[in-house]
Colleague: 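A single structure is presented below for examination.
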Amino acid sequence: MKNPKEFNIDKFYEKYRSGPKIFKKRDALEPSFIPDELPHRDAQIQKVAELTACTLLGDTPPSLLCYGPTGTGKTATIRYVSQKLEQQCTEDKPWWIYINCSVVSTPYRILAHIYNRISGSEKIPPTGLPKDIIFKKLLGILDQKVQSICFLVLDEIDMLTEKKKGTEILYDLTRLNENLDYCKTSVIGISNKLKFKDYLDPRVLSSLGQEHIVYPSYNADELRDILNERAKIAFHEGVIKDDVIPLCAALAAKEHGDARKALQLLRKAGELAARAQNKSVTHKHIDDAQNDLEEDHIVEYIKGLPLQAQVVLTAIFLISKFSPDHIITSGDIYGIYSELTQKIPGVRRLTERRISDYINELDLAGIILTNLKSMGHYGRTKFIKLDIDLELLENIFMEIDKFQNVLNYKPVLLQLDKVKIKNNIFKKLI
DNA sequence: TATCCACAGGAAATCAGGGTGT
DNA sequence: ACACCCTGATTTCCTGTGGATA
């Protein structure tokens, strides 16, 4: 606000209230919203329904794996079927326990999470007890309180296989039934990675991989149907201009057909329109929304990074800022990172090995680009380039107190003749 | 053609910090 | 107080490697 005196907050609210209304029910665009219809997922719904129907007769359904990229309706179909199934059950309703393995990521916590969900009150402490004790406690409570089927829905199950301990817990979960008398469990795994199965222990695969359902990405037409459906619920009539939804669908289809992203885009566009007090959501709002979302994502990610990773990124930033044509290698980054640890209070200097992992993480997140190259006698290293806007990055760092005094620090390493000469050789070699 | 640079990145060990029951 | 548990971050130790140069 350049001139605060011009802003009258009471008038603003008044105007806001009497202004155009965009949203009727914004929640309908949230990922957690389960609509009455799930377009283009009939085949998957049918299969889940068929496999779980035996619950109605008191039988134990087989374990099940759902594969598909993000935003293809995996979790939604499971929740959808679970609601319908619940309506059909007259007595002994099945339990559904959802676990997001990227949040609840360790064996201990998964067992504790299930236990706490069922018990409702008696909590298992977040740490401290041996795992096998928890396992026995869990068996006890399952038999005691859950006299029917208990579905364990493991969302993002692929996160577990990244650590070897993860597969252990999957094995434990799949053989829960062997130790249960009254209750029966059924594991439903949801994975984003198609090759997730390859990492599984054969013992786990034999029980977990009995049935699987594949979720293909949505194409632009399908996304349009989904968006239309939701837009009807979420927005007031006539708010959405005709070309908006096809555009939104086309953009999301280009990005791997992710419905979650498409909905997010539509919601953001709606928010922008509402904030600007426009009567409708137009083409332009979608464009703006897309830029905003990308930037929001980057800002949020960088601010949420551990301090050490931020320092690594600062090193890359400083090189890009002061020597834009310098070809950055892992070694350069570590050198400047080391300088920075001296300048920023409270930052311990970590080993090269660890920094190498942080560089990989930044690469994975799309903040930087890396390229492994071999330069013969000059060794084999990664060439690194910043992949986001330099100014944006500077603005983000300016909001972090600890970095204030290093944003204009010119790294010593960049001025060393040794480094300069070598970099010139690199430039010729490329 | 052997050599050797400057790392990459896997595996296991270690540490600190949160906890437990006895 | 003590022995022990689980987790996440990091260190230690290690083997592997592509290709310009001697």
Side-chain angles (χ1 to χ4, degrees), chain A residues 99-116 119 122-138 140-141 156 159-173 198-199 201 304-313 315-316 319 326-338 340-341 344 346-365 368-385 413-414 416 418-430:
Chain A
I99 301 158
N100 186 331
C101 301
S102 65
V103 181
V104 184
S105 57
T106 69
Y108 180 97
R109 293 216 266 260
I110 288 175
L111 293 175
H113 182 90
I114 299 171
Y115 183 96
N116 289 336
S119 75
E122 289 173 73
K123 299 285 182 204
I124 282 191
T127 172
L129 300 173
K131 213 171 51 201
D132 49 331
I133 302 278
I134 307 278
F135 195 75
K136 287 196 186 108
K137 281 187 133 197
L138 181 60
I141 198 167
E156 300 193 47
M159 298 294 287
L160 295 178
T161 53
E162 284 174 15
K163 303 243 175 75
K164 54 186 181 307
K165 287 191 178 169
T167 47
E168 272 172 46
I169 180 70
L170 288 179
Y171 181 63
D172 288 344
L173 288 180
D198 301 349
Y199 305 114
D201 191 307
L305 236 33
L307 182 59
Q308 289 286 359
Q310 289 176 337
V311 178
V312 173
L313 187 55
I316 302 170
I319 306 175
H326 185 92
I327 297 173
I328 309 173
T329 67
S330 310
D332 296 335
I333 294 178
Y334 189 68
I336 293 172
Y337 159 83
S338 304
L340 289 174
T341 54
I344 306 171
V347 178
R348 198 162 52 96
R349 177 172 152 194
L350 305 181
T351 50
E352 220 168 333
R353 179 67 186 85
R354 186 70 186 110
I355 299 310
S356 151
D357 279 346
Y358 276 132
I359 291 173
N360 285 338
E361 277 174 41
L362 292 174
D363 183 21
L364 221 61
I368 59 175
L369 288 172
T370 74
N371 186 9
L372 187 59
K373 278 221 166 180
S374 190
M375 304 305 277
H377 254 201
Y378 303 98
R380 190 166 168 269
T381 184
K382 264 178 182 162
F383 287 164
I384 291 140
K385 230 192 276 172
L413 185 126
L414 289 178
L416 297 178
K418 201 176 74 185
V419 175
K420 282 186 190 168
I421 292 168
K422 198 164 140 195
N423 215 255
N424 283 329
I425 296 173
F426 280 177
K427 276 176 202 161
K428 280 177 203 153
L429 281 176
I430 284 180

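No experiment lies behind these values; they were computed from the predicted model shown. Order of the sequence lines sets the chain letters (A, B, ...), proteins ahead of strands, with each chain counted from 1.
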Colleague: Under 4.0 Å between any heavy atoms, over every strand shown, what does Asn360(A) touch: base, sugar-phosphate, or nothing? Just pick one.
Modeller: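 Sugar-phosphate, no base atom in range.
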
Colleague: Do you see a donor-acceptor pair shorter than 3.5 Å between the side chains of Lys385(A) and Asn371(A)?
Modeller: no

Colleague: Whole angstroms only, please: what is the CG-P distance between Leu372(A) and dC5(B)?
Modeller: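 For the pair Leu372(A) CG and dC5(B) P, the rounded distance is 18 Å.
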
Colleague: Closer than 3.5 angstrom, by distance alone: can the side chain of Glu352(A) be matched with the main-chain N or O of Gly331(A) as a donor-acceptor pair?
Modeller: no

Colleague: Rounded to the nearest angstrom, tell me the gap between atom CG in Asn371(A) and atom P in dA8(B).
Modeller: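 Going from CG in Asn371(A) over to P in dA8(B) covers 12 Å.
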
Colleague: Would you indicate what Pro306(A) reaches in the nucleic acid, counting non-hydrogen atoms under 4.0 angstrom: base, sugar-phosphate, or nothing?
Modeller: nothing

Colleague: CG of Asp357(A) versus P of dT12(C): gap in Å, rounded?
Modeller: 15 Å

Colleague: For nucleotides 10-22 of chain B, read 5' to 3', which letter fits each nucleotide if B means a protein heavy atom sits under 4.0 Å from the base, S means only the sugar-phosphate is that close, and - means neither?
Modeller: B-------BBS--

Colleague: Identify whether any heavy atom of Lys422(A) sits under 4.0 Å from a base atom; if not, whether one sits that close to sugar-phosphate; answer base, sugar-phosphate or nothing.
Modeller: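 Sugar-phosphate, backbone atoms only, no base.
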
Colleague: Let me check the geometry of the helix from dT1(B)-dA22(C) to dT22(B)-dA1(C). What is the bend angle between the axes at its two ends, five pairs each, to 10°?
Modeller: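 The end-segment axes of the helix from dT1(B)-dA22(C) to dT22(B)-dA1(C) are tilted 30° relative to each other.
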
Colleague: Assess the pair Phe426(A) and Phe383(A): is the distance between their ring centroids shorter than 6.0 Å?
Modeller: yes

Colleague: From CZ of Phe426(A) over to C1' of dC7(B), roughly how many Å is that when rounded to an integer?
Modeller: 10 Å

Colleague: Quick one: CG on Asn424(A) to CG on Leu429(A), what's the gap to the nearest 0.5 Å?
Modeller: 11.0 Å

Colleague: List the residues meeting side chain to side chain donor-acceptor pair (under 3.5 Å) with Ser356(A), not counting sequence neighbours, and say none if there are none.
Modeller: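 Scan of Ser356(A) (side chain to side chain donor-acceptor pair (under 3.5 Å), adjacent residues dropped) gives none.
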
Colleague: Can you name the residues that form a salt bridge (Lys or Arg N to Asp or Glu O under 4.0 Å) with Arg349(A), not counting sequence neighbours?
Modeller: none

Colleague: Of all residues at least two apart in sequence or in a different chain, which pass the salt bridge (Lys or Arg N to Asp or Glu O under 4.0 Å) check with Lys427(A)?
Modeller: Asp325(A)

Colleague: With a 4.0 Å cutoff (strictly under), does any side-chain N or O of Arg348(A) reach OP1 or OP2 of dT11(C)?
Modeller: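 Yes, within the criterion.
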
Colleague: Return no unless some side-chain N or O of Arg354(A) is found under 4.0 Å from OP1 or OP2 of dT11(C).
Modeller: no

Colleague: At 4.0 Å (heavy atoms only), tell me whether Lys373(A) reaches a base, stays on the sugar-phosphate, or touches nothing.
Modeller: nothing

Colleague: Please classify the nucleic acid contact of Tyr334(A) as base, sugar-phosphate, or nothing, using heavy-atom distances under 4.0 Å.
Modeller: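 Tyr334(A): no heavy atom of the nucleic acid under 4.0 Å.
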
Colleague: Ser330(A) has a side chain; which of dA8(B), dG8(C), dT11(C) sits nearest to it?
Modeller: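 Of the options given, the side chain of Ser330(A) lies nearest dA8(B).
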
Colleague: Just wondering, do Lys137(A) and Leu111(A) contact through their side chains at under 4.5 Å, heavy atoms?
Modeller: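 Of all side-chain heavy-atom pairs linking Lys137(A) with Leu111(A), none is under 4.5 Å.
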
Colleague: At less than 4.0 Å, is any side-chain N or O atom of Arg349(A) found next to OP1 or OP2 of dT10(C)? Yes or no.
Modeller: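 Checking Arg349(A) against dT10(C): no side-chain N or O falls below 4.0 Å of OP1 or OP2.
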
Colleague: Measuring from the side chain of Thr106(A) (C-beta onward, heavy atoms only), which nucleotide among dA8(B), dT7(C), dC6(C) has the closest atom?
Modeller: dT7(C)

Colleague: Find the distance between CD1 (Ile110(A)) and CD1 (Ile99(A)) and round it off to the nearest 0.5 Å.
Modeller: 6.0 Å

Colleague: How many angstroms lie between CD1 in Ile133(A) and OH in Tyr108(A), if you round to the nearest 0.5 Å?
Modeller: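 These two atoms lie 10.5 Å from each other.
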
Colleague: Working to the nearest 0.5 Å, report the span between CG of Asp172(A) and CD1 of Ile134(A).
Modeller: 12.5 Å

Colleague: What is the distance from atom CD1 of Ile327(A) to atom NZ of Lys373(A), rounded to the nearest 0.5 Å?
Modeller: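 Answer for the CD1-NZ pair, Ile327(A) versus Lys373(A), is 9.0 Å.
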
Colleague: Starting from P on dA6(B), measure out to CD1 on Ile328(A) and report it in whole angstrom.
Modeller: 18 Å

Colleague: Nearest 0.5 Å, please: how far is CG in Asn360(A) from CG in Asp357(A)?
Modeller: 6.0 Å

Colleague: How many whole angstroms separate atom CD1 of Ile124(A) from atom P of dC6(C)?
Modeller: 13 Å

Colleague: In whole angstrom, what separates Glu352(A)'s CD from dC13(C)'s P?
Modeller: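 The distance from CD of Glu352(A) to P of dC13(C) comes to 15 Å, rounded to the nearest Å.
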
Colleague: Rounded to the nearest Å, what distance is computed from the CD atom of residue Gln308(A) to the P atom of nucleotide dT10(C)?
Modeller: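 From Gln308(A) CD to dT10(C) P: 6 Å.
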
Colleague: Protein within reach of the bases, or only the backbone? For nucleotides 16-22 of chain C, mark each nucleotide 5' to 3' as B, S or -, using heavy atoms under 4.0 Å.
Modeller: BBBBBB-

